[in-house]
Amino acid sequence: NAGVMQNPRHLVRRRGQEARLRCSPMKGHSHVYWYRQLPEEGLKFMVYLQKENIIDESGMPKERFSAEFPKEGPSILRIQQVVRGDSAAYFCASSPAGIYPGQLSLAKNIQYFGAGTRLSVL
Amino acid sequence: RKEVEQDPGPFNVPEGATVAFNCTYSNSASQSFFWYRQDCRKEPKLLMSVYSSGNEDGRFTAQLNRASQYISLLIRDSKLSDSATYLCVVNKAISRAGNMLTFGGGTRLMVKP
């Protein structure tokens with residue numbers, strides 16, 4: 001059972017170019033989350049998606065960033081007109097379907113992470 | 001106030017030592033709690049879930065104090081391989097966002113020979 005797959009692992013872009021990061025969730029998972037981690041800093045939530053829906057994008061910058069999770073295919077995080085400050089590790093995570101409150105459903109709330117995409121903007 | 005607060009460390013301890021990390025969270029409605037581990041330049045990985053009654057997994061013990069909104073992780077007999085950043089993680093407990101997790105900034109542990 002493959003885990004969360006992200007590609008590419010490393011991406012180099014020049015300022016002004018577009019970056020497209022892909023994430024395939026674990027089999028059976030329909031919830032995807034994107035996080036950004038700047039060097040020597042913690043994980044920052046960006047966006048939470050289910051198939052064809054954005055559930056929460058409170059962590060997404062207002063401009064240049066967009067995310068989708070189509071009915072078929074991987075989730076895509078798209079960064080237009082990249083700037084040097086976009087250089088970071090971008091992690092994708094997935095979790096099983098549904099909302100499960102309570103201690104007995106801890107397993108359903110666990111997020112499993114991909115290996116990340118390291119974006120470098122020259 | 002941050003939603004999840006941790007002492008960033010670093011904690012420098014000798015092999016074999018016992019070390020404890022603490023974490024506080026602000027949302028009293030949160031119901032799911034975890035510790036994740038992140039190695040340098042790697043993705044976070046689940047270390048253990050935290051149950052209300054406390055739980056143990058080998059050398060690792062997690063405790064939850066709901067009244068004080070406080071979570072702890074105890075590592076006994078530290079190994080060199082325990083060197084990593086430990087992330088305290090809490091769910092957001094908002095109806096549509098039940099699956100959303102908030103990550104603390106992490107506590108860095110360095111175990112020395």
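Below, chain A is the first sequence line, B the second, and so on; all start at residue 1. Computation of the quantities below employed the complete heavy-atom set of this structure, encompassing side-chain atoms and omitting hydrogens, waters and symmetry-equivalent molecules. What you are looking at is a predicted structure, and each value in this text was computed from that prediction instead of being measured.
- Between A:Y33 and A:H31, the two ring planes are tilted [angle within 30° to 60°].
- Contact of B:R108 with chain A is not made at all, since no heavy-atom distance falls under 4.5 Å.
- Under 4.0 Å is where a charged nitrogen must lie from a carboxylate oxygen, and between A:R13 and A:D86 no such pair does.
- Using bins of under 30°, 30° to 60° and over 60° for the plane-to-plane angle, the ring pair B:F103/A:Y35 lands in the perpendicular bin.
- Heavy atoms of A:A89 lying under 4.5 Å from chain B are absent altogether.
- Highest contact tally toward chain B, considering only A:F91, A:F45, A:F113, is held by A:F113 [criterion: heavy-atom pairs under 4.5 Å].
- Interface remark: A:Q37 contributes side-chain atoms only to the contact with chain B (heavy atom separation under 4.5 Å).
- Looking only at side-chain heavy atoms (C-beta outward), B:V90 and B:E3 stay at 4.5 Å or farther from each other.
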